[in-house]
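What follows is a single structure, written as structure tokens, with notes after it.
Order of the sequence lines sets the chain letters (A, B, ...), proteins ahead of strands, with each chain counted from 1.
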Amino acid sequence: MKPSLPQGTRDFSSTVLRKRNFIFQTIKSVFELYGFEPLETPAMENTETLLGKYGDEGDKLIFKILNNGLDNPAKKESAKADFDLVLEGKTNKGITERALRYDLTIPFARYVAMNHGQLSLPFKRYQMQPVWRADRPQRGRYREFYQCDADVAGSTSLLHEIELSLIYSSVFEKLGVPVAININNRKILNALANLCGGEDRMTSITVAIDKLDKIGIEKVKEELISRGLNIEQVAIVESFISIEGSNEEKLEKLDEMFNSDEIGKQGIAELRHILSAVQQTTLNQQLVIDLSLARGLNYYTGSIFEVKATGVQMGSIGGGGRYDDLTGLFGVKGIAGVGISFGVDRIYDVMDELGIFPESIQKGTTVLFFNTGSEEEKHILKMAQELRSKGISTEIFHEATKFDKQFKYAERKNIPYVVIIGSKEIEAGTCMVKNLLKSTQVEINASELAQRLMENKL
RNA sequence: GAGGUUGUAGCUCAGUAGGUUAGAGCGUCUGAUUGUGGUUCAGAAGGUCGUGGGUUCGAAACCCAUCAUCCUCCCCA
């Protein structure tokens, strides 16, 4: 059979992996600076843990795992009945009890709900693991990709929104990715829905206005009408998303628009608080109010965030928000949450396109010992171990072939130093060191090798 | 779930008004070179032309199906 990969998945070569790890390290270090602690959850969850949490579209995109033992003759009839249900679009336990995780937020909520007795709240955790979606792959979209999430459970303080904004800003600054960090508040959108015929319009409105920067105002209006809003209501939405100016100007206009809506006023106050606090800090990638930002996931209840790379055509590379009753889905009431997520694979694509990965992260082997024969090999093994014990990554060429080949190996792997030790050098207690970057060569005392490599004097 | 693109050597790609034995560059291997590469030169290996069917005297090329790919929409990171 021809070897191949499942659709939407990728292998990662060392070059790619070093770049990805650079992103992981950067995010992780910032998370830890803010006191978040690591957590890992299983790749699979019970199907019922995930179903119904991401909307109808989301449910379709969850990878379900087929149960084992369906061929058990004793259960043949019930398996057939269960399968008929699947054909009607009704996923059920008889066919799939487990599914691959779709994001990191729901597993986190599940974890908090299961362990809230032991956790001291607020609980701040970060998680960096792959998630899977049965989506059609395309640019910036994979079926297996990594998310890096930082969430806080058990606190309604806006301090977390402020700090999460700072985390976003700090990570992208360290990575050198130019971004726009957008913020909005679901309570304001809620107030907008109230003005337009009631809260049940919320989803229709948010789905439509979320597309504003993609399809333009006219198409958004068309969509709103097709979703059942009348002309006056569409006009209200239009005046809402047309609000422009600085953050402060936008807030003032919102004050006017929602001066009689308690929830709306609360949302505006939250936004104002977060923005004014962030202004006191060194956040240099400014947080910007984006009133068309809605975010699809319907569990958000307060602040919502989205990060987009500027200057590169790519979907959002991060998102998040507050969900005041997440663990409620698992029967534990009263635990609020707020969190953000980084889409590592898209960040990678953006950085690769911009060519902004630092050169220094591609360091692999430092020294290659040439192989000049089995007698010399024993001697070289000892020297290599000594270098390794000093933290210098060292390889010995695997066979005593012509130097031509050994040089090519070093070149291909970008190994800067080649050390040649033959019978002459062993006798003299020296070694020949060649710097391939500078094309220089010196013979030095074998005992000085490690020291001089570490001092970079070769 | 809907629409489109592409599929030829390990990689990047040529190649068709349908015609003998399918090409190039890069890479790989061998030699020129018994301990000093990257240049050069000579040579070699490597292809069920995605798969299956059809049209034809004849198909990599035309038609149909299928699989894969990348992209767009939906939705999202």
Side-chain angles (χ1 to χ4, degrees), chain A residues 1-10 13 23 27 54-62 89 101-105 128-149 168 179 203 206-208 210-211 214-215 219 223 293-298 305-309 313-321 339-350 368-373 376 397 400-415 418-426 431-443:
Chain A
M1 81 175 257
K2 246 189 192 169
S4 66
L5 281 171
Q7 189 179 36
T9 65
R10 300 150 298 159
S13 67
I23 300 174
I27 295 173
Y54 309 105
D56 291 344
E57 286 298 316
D59 281 356
K60 286 184 203 157
L61 299 181
I62 294 170
R101 89 163 86 74
Y102 178 90
D103 72 355
L104 301 179
T105 307
M128 312 201 296
Q129 289 190 277
V131 303
W132 293 269
R133 295 185 189 177
D135 217 339
R136 246 343 139 68
Q138 55 187 278
R139 179 180 160 84
R141 174 172 307 198
Y142 308 99
R143 290 188 143 186
E144 177 185 61
F145 60 96
Y146 269 86
Q147 290 194 331
C148 295
D149 280 29
Y168 262 148
V179 293
T203 307
T206 55
V207 168
D210 206 27
K211 297 177 189 164
K214 207 165 187 176
I215 63 178
K219 294 265 181 188
E223 178 151 354
L293 170 59
R295 299 198 53 78
L297 295 173
N298 45 25
F305 297 99
E306 191 159 274
V307 183
K308 289 197 146 189
Q313 194 61 39
M314 181 65 69
S316 64
I317 56 177
I340 55 170
S341 179
F342 290 83
V344 173
D345 300 77
R346 284 186 179 174
I347 295 172
Y348 178 96
D349 289 343
V350 167
L368 176 71
F369 279 96
F370 271 19
N371 195 321
T372 53
E376 292 87 344
F397 198 78
T401 58
K402 11 192 245 182
F403 280 20
D404 176 36
K405 267 187 121 172
Q406 308 200 35
F407 270 121
K408 276 189 176 155
Y409 181 82
E411 178 140 294
R412 265 193 101 92
K413 282 195 77 173
N414 260 318
I415 300 171
V418 151
V419 179
I420 303 168
I421 298 175
S423 48
K424 277 188 283 179
E425 285 83 4
I426 293 180
C431 58
M432 198 67 89
V433 185
K434 187 155 179 164
N435 182 326
L436 295 191
L437 301 177
K438 296 194 221 157
S439 289
T440 56
Q441 179 172 325
V442 285
E443 185 166 359

[X] (side chain) and [N] (base): donor-acceptor pair under 3.5 Å:
X	N	result
R133(A)	A77(B)	yes
R346(A)	C76(B)	yes
E425(A)	G35(B)	yes

(message) Less than 4.0 angstrom between a side-chain N/O of Q406(A) and OP1 or OP2 of U36(B), yes or no?
(response)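 Result: no.
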
(message) It should be established whether R101(A) places a side-chain nitrogen or oxygen under 4.0 Å from OP1 or OP2 of nucleotide A77(B).
(response)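 For A77(B), neither OP1 nor OP2 has a side-chain N or O of R101(A) closer than 4.0 Å.
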
(message) As a check on the pairing definition, encode RNA chain B in dot-bracket form, counting Watson-Crick and G-U wobble pairs whose two distances are under 3.5 Å, and using | for partners outside this strand.
(response) ((((.((..((((.....[...)))).(((((.......))))).....(((((..]....))))))).))))....

(message) From C-beta outward on K405(A), which listed nucleotide comes closest to its side chain: G38(B), G31(B), U30(B)?
(response)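 Of G38(B), G31(B), U30(B), U30(B) is nearest to the side chain of K405(A).
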
(request) Output the single nucleotide from C73(B), G31(B), G35(B) whose closest atom is nearest the side chain of Q138(A). (result)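 Ranking C73(B), G31(B), G35(B) by closest atom to the Q138(A) side chain puts C73(B) first.
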
(request) Kindly say whether S316(A) contributes a backbone atom to a donor-acceptor pair with the side chain of R346(A) at under 3.5 angstrom? (result)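 Side chain of R346(A) to backbone of S316(A): a pair is present.
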
(message) So I347(A), base contact, sugar-phosphate only, or nothing? Heavy-atom distance under 4.0 Å.
(response)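 Result for I347(A) = nothing.
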
(request) Just do the side chain to side chain contact (heavy atoms under 4.5 Å, CB included) check on F403(A) and I420(A) with the steps written out, would you? (result) CA-CA 10 Å; F403(A) 280 20; I420(A) 303 168; 4.0 Å; yes

Under 3.5 Å, which N/O atoms of the protein pair with N/O atoms of nucleotides 7-10 of chain B?
none

